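Chain identifiers are assigned alphabetically (A, B, ...) following the order of the sequence lines, protein sequences preceding nucleic acid strands; residue numbering begins at 1 within each chain. Remember, predicted model here, so these are calculated numbers, not experimental data. All values below were derived from every heavy atom in this structure, side-chain atoms included, with hydrogens, water molecules and symmetry-related copies excluded.
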There are 2 protein chains.
Amino acid sequence: MASKVTLADLAKLAGVSTSTASRALNNSPLIKQETREKIQELAKIHSFSLNAAASRLRLQKTNVIAVIINLDDETEQSIDDPFLLKVVSDINLAVNRQGYELLLSNSYMAGDDWHGYFISGRRADGIVVVGQGKQQHRIERAVEAGTPLVVWGDPKTACNYPIVGSDNFLGGKTATQHLLDRGARRLVFLGEPAHAELGERYRGFQAALADCASADAQLVRIDITSQAAYQQINQMLRQDGLTFDGIFACSDMVALGAMKALKERYVSVPNDVRIVGFDNIAMADISHPSLTTIAQNTKQAAELLVAKLLAQLAGEQPSSEQVAIALMQRQSS
Amino acid sequence: MASKVTLADLAKLAGVSTSTASRALNNSPLIKQETREKIQELAKIHSFSLNAAASRLRLQKTNVIAVIINLDDETEQSIDDPFLLKVVSDINLAVNRQGYELLLSNSYMAGDDWHGYFISGRRADGIVVVGQGKQQHRIERAVEAGTPLVVWGDPKTACNYPIVGSDNFLGGKTATQHLLDRGARRLVFLGEPAHAELGERYRGFQAALADCASADAQLVRIDITSQAAYQQINQMLRQDGLTFDGIFACSDMVALGAMKALKERYVSVPNDVRIVGFDNIAMADISHPSLTTIAQNTKQAAELLVAKLLAQLAGEQPSSEQVAIALMQRQSS
DNA sequence: GTGAAAGCGCTAACAG
DNA sequence: CTGTTAGCGCTTTCAC
């Protein structure tokens, strides 16, 4: 069983004071190398660990970063989207690499007063919000209260907190240009432009089309889930037949849902319809045909998010930043 | 900015002692209803939150549960597997519902001494381990040290800590029986039976085959990733042609990888090869053909995991438990 | 019903 | 280089 060893016990065992023991464990250069090693050795033997609650209280610092998954509702982009896992898991790694721990949260737990709950409540030193959501008031409120906070979202959004995310405009434009280059002329944007990041992708879509007089476009608004995409495309085909020859889907999950509907109705991808997604999830590579998509550099973004959060903790005011996107050309286009 | 309000400040504002303020905020019945409301009101106005570090120190309780993703190596089942996200996210919900918070961890951060780091270190009250891994010594060590701990894994494993998971044996048997029922006779098990859960699925596979004299089976060991499955099936087809007519894949990701290889070589699914996966990830429904699979009830399992962990915190000794599986019949079989 | 006071285990002045 | 000491902010026993 857990013998409840405290720093005081350990100090006594080592024949030193608690201050010496504390410093030794924190590798303070004030302590002689030899003493340090002896105490650390002793700590290992007695499997002693510093009481984090006590040192957090004392230091007024938790070494914890809270990550809030900020989805709009249940129906929106689902927590099942593998892309979210990728983002969270990359943030986790980045956080750990800086010696912090990751408290995983959602709006359910944190309520509306993020500053009060996490910061005043000394549960975390700062917050990473994944997803801007459609209403940003919770974020703004937290920032106004002085919360160190960064957001994964669309970096072009004007605001007083740093946002890190992909160049969604360029991503949308690149994807669309690619569809045009491949010969598609009647394009569909499948998604929901009201969502900040997707809005930028849609603007990119429009920008690419503006240069091409012979092409036409339609916006098809759907919930950003593969289910919704499947049903929507299915219904469109049934009702109006094939009225398009290219789809830019706002996410890979959406693209894959659309692709399923097409294949079921014997529409050939890429011959009849070319399709491009966004995110480069693992499935994009393994679907058949494999899915052309815009890759987001989540690893780099995660590092940036954490770096900017730590910069805030150090009193700086880091700015928003875009990470590069890359077209992954595969079979679907 | 964050005005640093403490309980003492709040008490002064309310004209009461800190003890009264503390009790009021914790809804102690000792305090008059009226006083309670007044103080809670005041707390809201000044957006006061109890300092969690301080109360954790005082109470010797964190109200935090650590979740450790326990993958074997980098190469094994990838952190990208959407099934893992589902599990973690369901655990997160279950944890929150019990008023606990979720500290997301991995072997990197926790090191080898989980008890020391999390429990003695007062970072969490208990641990949920996701995945047994191939070596269980870290888990056992933690349990011996007295860590409240539960594992998502194969509940049939004999051990002195509770494991919650699906009935993998029945899952494997059901999947295989289904393949046989659909007429497949030359079956492949695609996966790695050394892994506890997968071993049970393999035993189920063998059990179903034992009842069917006309069928034969081969075990194809691979890393449990879609990539590995794709490459393996590809190579088998190239080298030996089509030597099988049914695949039981140990996970949906593996199944989807195999399916891609089959389709690329114009092997029809389900006509030439019938295929069944395991997990019922979102993609199973949206792939084309959609994937027949064994659904795991992650929601129920998550509730059980957390309930059993809390039971341990209350001094009980809960036992392992299986959750039911369900065959989801779709197009791939 | 409420208050006074002790102490959870740690860290960092300050003093040697 | 090391020790003494004073809290960090909260909860709870004990007293009233």
Nearest-Å distance for atom pair [atom1]/[atom2], residues [X] and [N]:
| X | N | atom1 | atom2 | result |
| --- | --- | --- | --- | --- |
| L30(B) | dC14(D) | CG | P | 14 Å |
| Q33(A) | dT2(D) | CD | P | 11 Å |
| L25(B) | dG9(D) | CG | P | 16 Å |
| K38(A) | dC1(D) | NZ | P | 15 Å |

| said: Just to verify, what does K38(B) make a salt bridge (Lys or Arg N to Asp or Glu O under 4.0 Å) with, not counting sequence neighbours? | reply: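 Partners of K38(B) by the salt bridge (Lys or Arg N to Asp or Glu O under 4.0 Å) criterion come out as none, since no residue qualifies.
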
| said: Test your reading of the model: is there a side-chain donor-acceptor pair from T298(A) to the backbone of V87(A), 3.5 Å cut-off? | reply: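 No, T298(A) side chain to V87(A) backbone: no donor-acceptor pair under 3.5 Å.
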
| request: For the helix from dG1(C)-dC16(D) to dG16(C)-dC1(D), measure the angle between the helix axis at one end and the axis at the other, each built from five pairs, rounding to 10°. | output: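 The end-segment axes of the helix from dG1(C)-dC16(D) to dG16(C)-dC1(D) are tilted 30° relative to each other.
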
Interatomic distance, [X] atom [atom1] to [Y] atom [atom2] [nearest 0.5 angstrom]:
| X | Y | atom1 | atom2 | result |
| --- | --- | --- | --- | --- |
| L149(B) | L309(B) | CG | CG | 7.5 Å |
| L84(A) | S89(A) | CG | OG | 11.5 Å |
| L25(B) | L50(B) | CG | CG | 5.5 Å |

| In a check of side-chain hydrogen bond (donor to acceptor under 3.5 Å, both in side chains) between Q132(A) and each of N70(A), T157(A), D154(A), which one passes? |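 Testing Q132(A) for a side-chain hydrogen bond (donor to acceptor under 3.5 Å, both in side chains) against N70(A), T157(A), D154(A) leaves exactly one candidate, T157(A).
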
| said: Under 4.0 Å from OP1 or OP2 of dT2(D): is there any side-chain N or O of T20(A) that close? | reply: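 Checking dT2(D) against T20(A), no side-chain N or O comes under 4.0 Å of OP1 or OP2.
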
| query | Near K299(B) NZ, under 6.0 Å, is it more than 12 heavy atoms from other residues, nucleotides or ligands? | reply |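 No - once you tally the heavy atoms of other residues, nucleotides and ligands closer than 6.0 Å, there are 12 at most.
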
Distances under 3.5 Å only, N/O to N/O: pair up the protein atoms with those of nucleotides 9-11 of chain C.
from    : atom 1 : to     : atom 2 : distance (Å)
dG9(C)  : OP1    : Q60(B) : NE2    : 3.2
dG9(C)  : N2     : A54(A) : O      : 3.4
dC10(C) : OP1    : N51(A) : N      : 3.2
dC10(C) : OP2    : L7(A)  : N      : 2.4
dT11(C) : OP1    : N26(A) : ND2    : 3.4
dT11(C) : OP2    : S22(A) : OG     : 2.7
dT11(C) : O2     : R58(A) : NH1    : 2.2

| field | Nearest non-hydrogen partners of S319(B) and K308(B), listed with the distance | value |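 So the minimum-distance heavy-atom pair works out to O-NZ, 2.9 Å.
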
